[in-house]
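Only one structure is covered here, and it is reproduced in the block below.
This one's a predicted model, so the numbers in the text were calculated from it and none came from an experiment. Position 1 is the first residue of the sequence; numbering continues from there.
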Amino acid sequence: MSTRTRIAFLKGHGTENDFVIVPDPENTIDLPPAAVAALCDRRAGIGGDGLLHVVRSAAHPEARHMAAEAEWFMDYRNGDGSIAEMCGNGVRVFARYLQRAGHVTEGDIAVATRGGVKAVHIAKDGDVTVGMGRALLPEGDVTVSVGERTWPARNVNMGNPHAVAFVDDLSHAGDLLSPPPFRPAAAYPDGVNVEFVIDRGPRHVALRVHERGAGETRSCGTGACAVAVATARRDGADPAATGVPATYTVDVPGGTLVITERPDGEIEMTGPAVIVAEGEIDSVWLESATGA
């Protein structure tokens with residue numbers, strides 16, 4: 001018969017992109033895909049878009065080579081249990097947990113991810129800034145469609161593919177339940193995240209996004225970065241050419257992010273990160289939910 005063990009968890013979100021957080025500094029908790037999916041289930045589990053497994057870099061085989069640069073590794077899992085390299089909203093919530101647990105204080109920290117070591121800054125006002133890397137802007141014309149409408153789109157790669165379309169009204173994006181068709185097919189052989197964007201004011205835009213494999217989501221960090229870069233180029237702003245950073249406020253359905261593209265090409269994303277609850281997972285339930 002199974003015995004109950006104490007497995008701590010927390011729940012947090014960044015612009016309503018929400019996560020189950022499992023602190024496990026020494027990497028002693030087994031979290032197979034079925035366990036992650038059960039925990040992220042919104043009706044039968046705790047509920048989340050993904051899971052943040054908090055492990056010391058030195059204790060995880062995939063992160064040991066980064067331990068000298070970053071003490072903590074974000075072992076990130078998607079809500080279906082699959083492994084992902086990075087999640088910009090997730091890194092902010094991860095940093096907030098480290099601060100809450102007393103592992104770090106406000107200021108600059110480094111977080112190891114499968115996408116490399118990410119620079120993070122925890123501000124006094126509570127917002128968290130994450131270095132998101134550089135954008136690539138592949139050549140070639142792309143279009144996206146919803147129903148009878150078709151728009152030109154900007155191809156932006158943030159380590160994952162995005163198609164950014166400027167529209168007159170966000171309702172034109174439709175229900176975003178199925179992937180918006182795009183052309184040419186060769187532009188995105190593995191599918192694409194599609195952002196529909198409207199202007200709200202000077203250097204201020206709003207978006208709705210269809211995330212590849214997930215449908216419409218409340219927030220997409222890489223998508224907000226892609227939108228800021230596409231909008232800057234539309235507006236004639238290229239920090240690499242002018243030497244002047246470009247900053248855009250990007251409203252997502254779950255809140256607001258501020259994106260800055262620096263002259264060296266690095267993109268920084270700033271936004272809130274909130275811990276909303278903590279408790280214990282019933283280990284016997286988890287075993288039964290995963291068929292263990």
Side-chain angles (χ1 to χ4, degrees), residues 2-14 17-41 44-105 108-120 122 128 130-131 133 159 221 273-292:
S2 297
T3 57
R4 281 184 164 81
T5 56
R6 296 164 67 95
I7 304 174
F9 82 93
L10 299 89
K11 179 73 185 287
H13 77 93
N17 201 181
D18 62 335
F19 309 96
V20 179
I21 305 161
V22 179
D24 183 21
E26 303 311 315
N27 198 27
T28 60
I29 300 172
D30 186 28
L31 288 170
V36 174
L39 288 167
C40 290
D41 188 297
I46 296 166
D49 291 324
L51 183 142
L52 308 176
H53 185 208
V54 184
V55 185
R56 291 187 192 277
S57 298
H60 198 289
E62 292 183 70
R64 287 189 185 118
H65 68 285
M66 295 180 278
E69 293 181 76
E71 181 181 0
W72 295 96
F73 173 54
M74 183 178 79
D75 176 16
Y76 180 69
R77 317 293 182 86
N78 293 315
D80 64 0
S82 61
I83 287 172
E85 286 192 341
M86 236 296 276
C87 174
N89 289 315
V91 174
R92 295 203 317 279
V93 175
F94 188 92
R96 173 69 73 238
Y97 164 74
L98 293 178
Q99 182 187 34
R100 179 189 177 103
H103 297 309
V104 303
T105 57
D108 295 325
I109 64 170
V111 173
T113 75
R114 289 184 178 85
V117 176
K118 301 300 178 183
V120 179
I122 303 173
V128 180
V130 179
V274 182
I275 304 295
V276 299
E278 60 182 311
E280 290 182 358
I281 299 162
D282 187 314
S283 60
V284 173
W285 166 80
L286 189 61
E287 285 185 13
S288 65
T290 58

Q: Check step by step if side-chain contact (heavy atoms from CB on, under 4.5 Å) holds for Phe9 and Ile46.
A: CA-CA 10 Å; Phe9 82 93; Ile46 296 166; 3.7 Å; yes
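- The side chain to side chain contact (heavy atoms under 4.5 Å, CB included) test with Val93 is passed by exactly one of Val274, Leu98, Ile275, Leu10: Ile275.
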Q. Between Arg56 and Trp72, does a side-chain contact (heavy atoms from CB on, under 4.5 Å) hold up when you go through it step by step?
A. CA-CA 4 Å; Arg56 291 187 192 277; Trp72 295 96; 3.4 Å; yes
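- Heavy atoms only, all atoms of each residue included: Thr105 and Ile122 are closest at O-CD1, 4.1 Å.
- A heavy-atom distance below 4.5 Å is not found between the side chains of Arg64 and Phe73.
- A pairwise comparison of heavy atoms in Pro25 and Ala59 identifies O-CB, 3.7 Å as the closest pair.
- Judged by distance alone, with hydrogens and angles left aside, the side-chain atoms of Asp24 form a donor-acceptor pair with the main-chain N or O of Ile29 at under 3.5 Å.
- Of the possible donor and acceptor atoms, none in the side chain of Arg114 sits under 3.5 Å from a partner among the backbone N and O of Ile83.
- Not one N or O on the side chain of Asp75 forms a donor-acceptor pair closer than 3.5 Å with the backbone of His53.
- For Glu85, the CD atom counts as loosely surrounded, since its 6.0 Å shell holds 12 or fewer non-hydrogen atoms of other residues, nucleotides or ligands.
- Although no hydrogens or angles enter the test, the distance criterion places a donor-acceptor pair under 3.5 Å between the side chain of Arg96 and the main chain of Ala273.
- Here the closest heavy-atom approach between residue Tyr76 and residue Leu51 is recorded as CD1-O, 3.4 Å.
- Put simply, CD1 on Ile281 and CG on Leu39 are 4.5 Å apart, with the number rounded to the nearest 0.5 Å.
- In this structure, the side chain of Ser283 engages the main chain of Thr5 through a donor-acceptor pair within 3.5 Å.
- The heavy-atom pair separating Asn78 from Val36 by the smallest distance is O-CG1, 3.5 Å.
- Put simply, the side chain of Ser57 never gets that close to the backbone of Met66: no donor and acceptor are under 3.5 Å apart.
- Scanning all heavy atoms of the two residues, the minimum distance from Val128 to Ala95 falls at CG1-CB, 4.2 Å.
- For Ala110 against Ala70, the heavy-atom pair with the smallest separation is O-CB, 3.6 Å.
- Of the inter-residue distances, the one linking His65 atom NE2 with Glu62 atom CD reads 9.0 Å to the nearest 0.5 angstrom.
- The backbone N or O of Gly88 sits nowhere less than 3.5 Å from a side-chain atom of Lys118 that would complete a donor-acceptor pair.
- Here the side chain of Asp18 pairs a donor or acceptor atom with the backbone of Asp49 at under 3.5 angstrom.
- Separating the CD1 atom in Ile21 from the CE atom in Met74 is a distance of 11.0 Å, to the nearest 0.5 Å.
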